[in-house]
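The sequence lines fix the lettering, A, B, ..., with proteins before strands; numbering per chain opens at 1. Just so it is clear, the values below take in all heavy atoms, side chains as well, and ignore hydrogens, waters and symmetry mates.
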Amino acid sequence: MTTPTTTRELPPRYDAAVVEPAIYERWLASGAFTPSEEPPDGAERFVVIMPPPNVTGALHNGHAVFVTLEDTMVRYHRMRGDDTLWLPGVDHASIAAQFVLDRIIGEEGETRQSLGRERYLERMWRFMDETRGVIGRQMHRLGASADWSRERFTMDPFSARAVRVTFKRLWDAGLAYRGEALVNWCPRCRTTISDLENVHREETGTLWTVRYHLLGEDGAADPDAWISVATTRPETILGDTAVAVHPDDDRYRDLVGRVAMIPIVNRRVPIVADEAVELEFGTGAVKITPAHDFDDYELGKRHGLPLVNVLDEDARVNEVGGDLAGRDRYDARREVLARLAAAGDLEGERPHQMVVGRCDRCGTVVEPRLSIQWFVRTRPLADRALASVREGRTRIIPQRFEKVYAQWMENIHDWAVGRQLWWGHRIPAWYCPDGHVTVSDAEDGPDACAACGRPAAELTQETDIFDTWFSSGLWPFSTLGWPDDTPDYRRFYPTSVMETGYDIIFFWVARMMMLGLFCTDVEPFHTVYLHGIVRGEGGVKMSKTKGNVVDPLEVVDQIGADALRFALVSGTSPGNDQRLTAAKLDGARNFTNKLWNASRFVLGARPAPLSEPEGEPSLAERWIASRLADAQARATRQLDELDMGGYAAAAYEFAWGDFCDWFIEMAKVELRREDATPGERSRTWLASAHGLAGTLRIVHPLMPFVTEAAWSLLHEAEPRATAGQPLLIAARWHAGGPADREAEEDMAGLIALIRALRNLRTETGMAPGEWREVAAAPSDASAAAMLERGRAYVEALAHARPLRVLRPGDGVAPPHGAAATTSPLGAAWFMTADASEDRAAHRRRAQAEHLERGIKRLRDLLANQAFVNGAPAQVVQRERARLADLEAQLRQLGD
RNA sequence: GGGCGAUUGGCUCAGCUGGUUAGAGCGCACGGUUCACAUCCGUGAGGUCACUGGUUCGAAUCCAGUAUCGCCCACCA
């Protein structure tokens, strides 16, 4: 970019698609994303580990949200001079990745089975190499100022080692174990899934009533005696090992202890009594299938019932089903029903609202399945993780999620960590022919069986891999080199803020807390910041099938990353969902444009040559410096408190409201004053340049590109304005400064007067651009002085020229019929109003009524003894002053 | 069955520890073509802050309850 001397050399439109990538390259080349070799002396630390996106697809709005929030935090802290690190990475997403790859190889005419484990994994690595860069490049486009030199992957050797070491430690501590249990099984993904991946939904099913005949004295089923049971899953009849009734149920009291005959498989099973049975539900008698239902499993344990598994890993009936073997579970269900009906044992059926668990990934109905699995004993881990939050060592924003977190931790079950998948970290357990288990954290596995010393060659490694969240749970420290005591680990751990979506608080945050404390004995982060979900128009969750997806990459191409970022942060609060609408994006684009144009103005207004500044700062110059200091202080506080929406609003209000709407307009008055000396013009321009620099600093963390582009031009135009710092990303943050009370008060009065005059023009139908003579009757000497100081501004911004300031004091009132108004500075009126008298009078009456209403309200309030006595003196004082002011205004309005 | 959140002008949302006449953007109405920006400028209309009760000198804000919507957790066939 070239040095601008006039606006003509600046593009009138900010072309994000061209400018932003170029700026990102400059940042990369400058090394600004990477922390210095040594931490700056006495610097605070600010470390964010990026939630690793799945490498399976393109960037979506969820990513855009976290990139924006984290980048904003990180840029702010970097500008503050903190020892800042934002470490990026990607997740191998075991089950999700396999789901995607299976589809891809399916299109190539292959299947997981046809390729086999080895070739499948080779294909997966190829897929990863192809897609891994895509996400990174998309993040560049969003402006992510992450330290790419430290980028990590949950399948890299560092993660792999951390996984092995952690598991070994868990095993040694007795917190990892292998055992038989009923687990959630997805027949389509052919793997165990955790409770969290088993999503429950209410669905309408069918409740069938089926007769189980009782065993007669002759040992055969009695055709005339039966017990009716209700079931939603008739196919599991094949695995029934009991019928249960409630012990207090008089209907069945006599049957307890007798034997029922299970149809089709002709199994003899006991009728047992158990309090878990609901008297009211169905027939009051329940068929018990311990191998295919979690409730039945528990009940079976209580009564010592056998476990009969009737389904294979594809959820097809196994050999137990006799001639039904090989049938799919739903196919088998139909057949079972048909046979029951044929035998006259199907009593009835009715629609039934029930809760069905489905696989989070593929939507298949989850099958409880009996198998031998690896578990992590979570209770002790959860207790520590719970205490950390309870005792405030880690806080969650918004705070209400601490309760959600606590409830989950309190009711936690052991974590089934094994997955019967291929893509992921293989569980580092080895089995020897004698049944011993050896867990090793060595890269090449154990040398020998830990129990009997058999050589490694005779051991076989577990084929199961870890739940993908196991490696994710180690992310805050595996990325920094743990278990080694690396310089990065020492310098950057524990981290500062974990920013992520509230939808993965259990999946991820909880696991990081548990494993972080277990592995490192310290909370992995002091703050958890949870953002909400991005929804579409009407508050609907975005989905491709609904066609309401806003593609962040398209948005970035069209209106720029800054606009998207602003839209994603403004008007949001942590933990709450937001709607990303076209209108919101338009507004954000307009703001980007506004920033660009304000910059164009300042740069184009530079006097050439610039001379030595002369004279005292003008009122406008003092005012904008004071407003800037205030905005800086607000932005600083909000960013420190992680009130990102508040920060966005403060930045917006200052930039657009204070700087553009008022300051620039007043600066124009001074820059274009005919009697201004070159030194005075230079002084005003420098103040504008400093104002612009301050604006860019404040906005930069959220909208880095347009601010950096403008900064770069400003730096070339006037290095004094940029403190000699050519790159805004590396500039120092300004946290505020002293307020100029006098300038603020003056300007507040003048702004009120200008607004009142503009309003008067519109209300009385005066042409807005026409110059009019205005008289102002200041309420007192200080108001008169204020009017003199701001005369030029009032004249220019209200088209009120000449402005005649009358002598202060009582008795000066607008002439009858004049278009008049009041403000805290006193009355003012158009002297040459040709507006209709009716309108002027109407306008005056309206103003008077308005004042009277306010006066009445305040008089009533102050007449209330309870208020005067009860409220703080300060509040009462303020109301008294207000009343006096309104009364004075009314008096001055005259008539 | 538990828990949580939301309910503020037509729309989308701010309103912290209770204290002016409840704000913003969009939309709407009216008016604006000279030198940053029509992706703009100015002015204005529009709200019983879901409802009921309570605490208080004072409540959108605190408490209790109700309603509607949404979310999370939970093993009822």
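The side chain of A:Ser573 contributes an N or O atom lying less than 4.0 Å from OP1 or OP2 of B:rA14. The phosphate of B:rA74 has neither OP1 nor OP2 within less than 4.0 Å of any side-chain N or O from A:Arg201. One finds a side-chain N or O of A:Arg579 lying less than 4.0 angstrom from the OP1 or OP2 phosphate oxygen of B:rC13. The phosphate of B:rU12 (OP1 or OP2) has no side-chain N or O of A:Lys584 nearer than 4.0 angstrom.
Using a 4.0 Å heavy-atom criterion, one finds that A:Pro872 contacts the bases of the nucleic acid, with or without backbone contacts as well. Residue contacts for A:Val277: at a heavy-atom cut-off of 4.0 Å it reaches a base atom on one of the strands shown. Across all strands, A:Arg878 comes closer than 4.0 Å only to sugar-phosphate atoms, never to a base (heavy-atom distances). At a threshold of 4.0 angstrom between heavy atoms, the contacts of A:Gln407 are confined to the sugar-phosphate backbone, with no base atom among them. Using a 4.0 Å heavy-atom distance criterion, A:Phe401 is classed as making no nucleic acid contact.
With rounding to whole Å, A:Arg606 atom CZ is found 17 Å from B:rA36 atom C1'. Counting to the nearest Å, the C1' atom of B:rC76 and the CD atom of A:Glu280 are 12 Å from each other.
Residues passing the side-chain hydrogen bond (donor to acceptor under 3.5 Å, both in side chains) test with A:Glu367, sequence neighbours excluded: A:Arg233, A:His292, A:Arg329. Considering only residues two or more places apart in sequence or on other chains, A:Phe281 meets the ring-ring contact (aromatic ring centres under 6.0 Å, His included) condition with A:His352. Looking at residues two or more places apart in sequence or on another chain, you find no ring-ring contact (aromatic ring centres under 6.0 Å, His included) involving A:His246.
The stretch residues 863-883 of chain A participates, sequence neighbours left out, in these salt bridge (charged side-chain N to carboxylate O under 4.0 Å, His left out) pairs: A:Glu879-A:Arg882.
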For RNA chain B, please output the secondary structure as dot-bracket, reading 5' to 3'. Pairs are Watson-Crick or G-U wobble, both atom distances under 3.5 Å; mark crossing pairs with [ ], other-strand partners with |, unpaired with a dot.
(((((((..((((.....[...)))).(((((.......))))).....(((((..]....))))))))))))....
Across nucleotides 37-47 of chain B, 5' to 3', mark each nucleotide with B, S or - according to how protein heavy atoms within less than 4.0 Å reach it.
B-BSSSSS---
